[in-house]
2 protein chains.
Amino acid sequence: MSPSTYSISDLASEFDVTTRSIRFYEDQKLLFPTRKGQTRIYSGPDRVRLKLILRGKRLGFSLAETRELFELWDESTTGSMKQLELLMTKIQEKKAALEQQLKDIAMLQLELDSAESRCQDAMNELKNNPV
Amino acid sequence: MSPSTYSISDLASEFDVTTRSIRFYEDQKLLFPTRKGQTRIYSGPDRVRLKLILRGKRLGFSLAETRELFELWDESTTGSMKQLELLMTKIQEKKAALEQQLKDIAMLQLELDSAESRCQDAMNELKNNPV
DNA sequence: TTTTGGCTTTACGTTTACGTAAACTTCCGC
DNA sequence: GCGGAAGTTTACGTAAACGTAAAGCCAAAA
C-alpha cells in the first residue's frame with residue numbers, strides 16, 4: 001500500500017520536479033511539511049497539495065493564485081459568511097477561466113488538425129513528385 | 001467590413017494587450033509588420049498571428065515555442081521532406097500536450113465542483129444555524 | 001505656430017519561478 | 001571512524017515577458 005509519509009526526494013522523483021522547487025513552494029507558503037529534526041516530512045495531504053500545485057502550473061496558474069485558493073479553502077473551515085462568499089466567487093472565477101481554456105484548446109486543436117493535414121498533403125506531393 | 005490593415009494601437013485595444021507587448025513579440029521574431037515611414041502597419045495575417053500568440057500564451061506556450069511553430073510552418077512551404085517531418089512531429093507534440101491539458105482541466109473541474117458544493121453546504125449550514 | 005496625440009527607439013527595472021554553488025549536518029554501510 | 005549519500009540553509013544568478021521612463025519624430029488641431 002501507499003506510504004503515509006514521504007521524503008522530499010520521494011515526492012521529487014514521483015512528480016518529476018526538483019527538491020529545490022518543492023522547497024520553493026514551501027517558501028511561498030504553499031506547503032507546510034512537518035519536521036523530524038531538520039528533515040522535512042510530507043504527509044498524504046501534503047502530497048495532494050503538491051499534485052494540485054503542479055496541475056495548476058500546467059494550466060498556467062501562478063503560484064500566488066494557487067496559494068490564494070489554498071488559503072481561502074483552509075480558512076473556509078472556520079470561515080464567516082463573508083469568507084465563504086469570497087471563496088465561492090474565486091471558485092466561480094476559476095471555473096470560468098477553465099471554460100475559456102477549453103475553448104482555446106478546441107480552437108487550437110482545429111488549427112493543428114488543419115496544419116497536420118496540409119503538412120500531410122505536402123509530404124504526399126513530395127513523394128509522388130520528387131524534386 | 002473589417003479593415004485590411006491595422007495600427008499597433010488598433011491591435012492593442014482589440015486584443016487588450018499593450019503596444020509594448022506587441023513590439024516585444026516583433027523583437028522576438030514572432031511578428032513582421034511592414035512600415036510606412038517608421039510606423040508599423042499590420043496586415044490581416046499579422047493580426048491572425050497575434051491572435052495565435054495570445055491563444056498560445058493563455059495555454060502556457062512560451063513565446064519561443066510559438067515562434068518555433070511559426071518558423072516550421074513558414075519553412076514548410078518551401079520545405080524538404082526532413083522539414084515536413086519535423087513539422088509533423090512538432091504538431092503531434094502540441095496535440096499531445098493539449099490532450100494532457102484537457103485531462104488536467106477535467107480533473108480540476110471535478111475538484112472545483114466538489115469544493116463548490118462543500119462551500120455551498122457550509123453556507124447553508126451557517127444560514128440555518130447562525131453563530 | 002505651438003501643442004497635442006500617437007508613434008518611435010533605447011535602455012534600465014521588475015516579477016516569477018526557479019538554478020546553482022557553497023558550506024554544513026546526519027545518518028548509513030563498510 | 002570514515003566516506004558518501006541525502007538532507008539542510010543562505011545567497012547570488014538567470015530566463016522569460018514584459019513595465020516604465022526618457023527623449024525624440026511627425027501630423028493634425030487649436
Side-chain angles (χ1 to χ4, degrees), chain A residues 3-43 46-47 49-71 94 97 101 104, chain B residues 3-43 46-47 49-71 94 97 101 104:
Chain A
S4 77
T5 68
Y6 310 84
S7 75
I8 194 169
S9 49
D10 287 344
L11 295 184
S13 70
E14 175 176 358
F15 293 115
D16 195 32
V17 291
T18 65
T19 59
R20 174 69 177 90
S21 295
I22 297 179
R23 291 196 193 95
F24 182 73
Y25 300 152
E26 179 178 352
D27 200 58
Q28 300 298 303
K29 317 291 181 192
L30 285 151
L31 290 174
F32 307 94
T34 57
R35 300 278 182 138
K36 182 179 158 195
Q38 273 211 315
T39 304
R40 275 164 257 249
I41 306 289
Y42 296 87
S43 68
D46 287 333
R47 179 174 164 281
R49 281 217 172 199
L50 178 55
K51 192 188 296 192
L52 287 172
I53 294 168
L54 299 176
R55 178 138 64 216
K57 272 184 59 75
R58 286 198 299 274
L59 295 177
F61 287 38
S62 73
L63 297 183
E65 280 178 307
T66 301
R67 181 186 55 198
E68 192 191 6
L69 276 180
F70 282 175
E71 284 174 355
K94 296 304 169 189
Q101 287 220 35
D104 282 332
Chain B
S4 77
T5 69
Y6 310 84
S7 75
I8 194 170
S9 48
D10 287 344
L11 294 184
S13 68
E14 175 177 359
F15 294 115
D16 195 31
V17 291
T18 64
T19 58
R20 174 68 176 91
S21 295
I22 297 179
R23 291 196 193 96
F24 183 72
Y25 301 151
E26 179 177 351
D27 200 56
Q28 299 300 302
K29 317 289 180 192
L30 284 150
L31 290 174
F32 307 94
T34 57
R35 301 278 181 137
K36 182 179 157 193
Q38 271 212 314
T39 304
R40 276 164 255 250
I41 306 289
Y42 295 88
S43 68
D46 287 333
R47 180 175 164 282
R49 281 218 172 197
L50 179 55
K51 192 188 295 191
L52 286 171
I53 294 168
L54 299 177
R55 179 140 63 216
K57 272 184 61 73
R58 285 197 299 273
L59 295 176
F61 287 37
S62 73
L63 296 183
E65 281 178 305
T66 301
R67 181 187 53 197
E68 192 191 6
L69 276 180
F70 282 175
E71 284 173 355
K94 297 304 171 190
Q101 288 222 38
D104 283 331

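All heavy atoms count here, side chains included; hydrogens, waters and symmetry mates do not. Lettering follows sequence order; numbering is per chain, from 1.
The listed nucleotides are C:dT9, C:dC18, C:dC7; the one nearest the side chain of B:Arg35 is C:dT9. Of the candidates D:dA17, D:dG19, C:dA17, C:dA17 carries the atom nearest the A:Lys57 side chain, counting heavy atoms from C-beta on. Taking the side chain of B:Tyr25 as heavy atoms from C-beta on, and the options C:dG6, D:dT9, D:dC18, the nearest nucleotide is D:dC18. Comparing atom distances between the B:Leu63 side chain and each of D:dT9, C:dA17, D:dC18 picks out D:dC18 as nearest.
Atom CD of A:Glu26 and atom P of C:dA17 are 17 Å apart (whole Å). For the pair B:Phe61 CZ and D:dA15 C1', the interatomic distance rounds to 20 Å; values are reported in whole Å. Atoms NZ (A:Lys36) and C1' (D:dT8) sit 15 Å apart, rounded to a whole Å. With rounding to whole Å, B:Phe24 atom CZ is found 17 Å from C:dT15 atom P. At whole-Å resolution of the value, CD in A:Glu68 and P in C:dT16 are 13 Å apart. Note: CG (B:Leu54) to C1' (D:dA17) measures 13 Å, nearest angstrom. Here D:dC18 presents its P atom at 10 Å from CG of B:Leu30, a figure rounded to the nearest Å. In this structure, A:Asp16 atom CG and C:dC18 atom P are separated by 13 Å, rounded to whole Å.
OP1 or OP2 of D:dA6 has not a single side-chain nitrogen or oxygen of A:Thr39 nearer than 4.0 Å. For C:dT8, one of the phosphate oxygens OP1 or OP2 lies less than 4.0 angstrom from a side-chain nitrogen or oxygen of B:Arg40.
Not one N or O on the side chain of A:Gln28 forms a donor-acceptor pair closer than 3.5 Å with the backbone of A:Leu63. Side-chain atoms of B:Asp104 never come within 3.5 Å of backbone atoms of B:Gln101 as a donor-acceptor pair (strictly under, hydrogens ignored). Proximity of a side-chain donor or acceptor of A:Ser9 to a complementary backbone N or O of A:Ala12 within less than 3.5 Å is not detected. For the pair A:Asp10 (side chain) and A:Ser7 (backbone), a donor-acceptor distance under 3.5 Å is present.
Figure legend: B:Lys29 and B:Phe70 shown without cation-pi pairing, the cationic atom not lying both under 6.0 angstrom from the six-membered ring centre and within 45 degrees of its axis.
Heavy-atom nearest nucleotides on DNA chain C were determined for B:Gln38 and for B:Arg20, and the one closer to the 5' end corresponds to B:Gln38.
Using a 4.0 Å heavy-atom cutoff across all strands shown, B:Ser7 reaches sugar-phosphate atoms only and no base atom. Among the heavy atoms of the strands lying under 4.0 Å from A:Thr18 are primed sugar atoms or P, OP1, OP2 only; no base atom is included.
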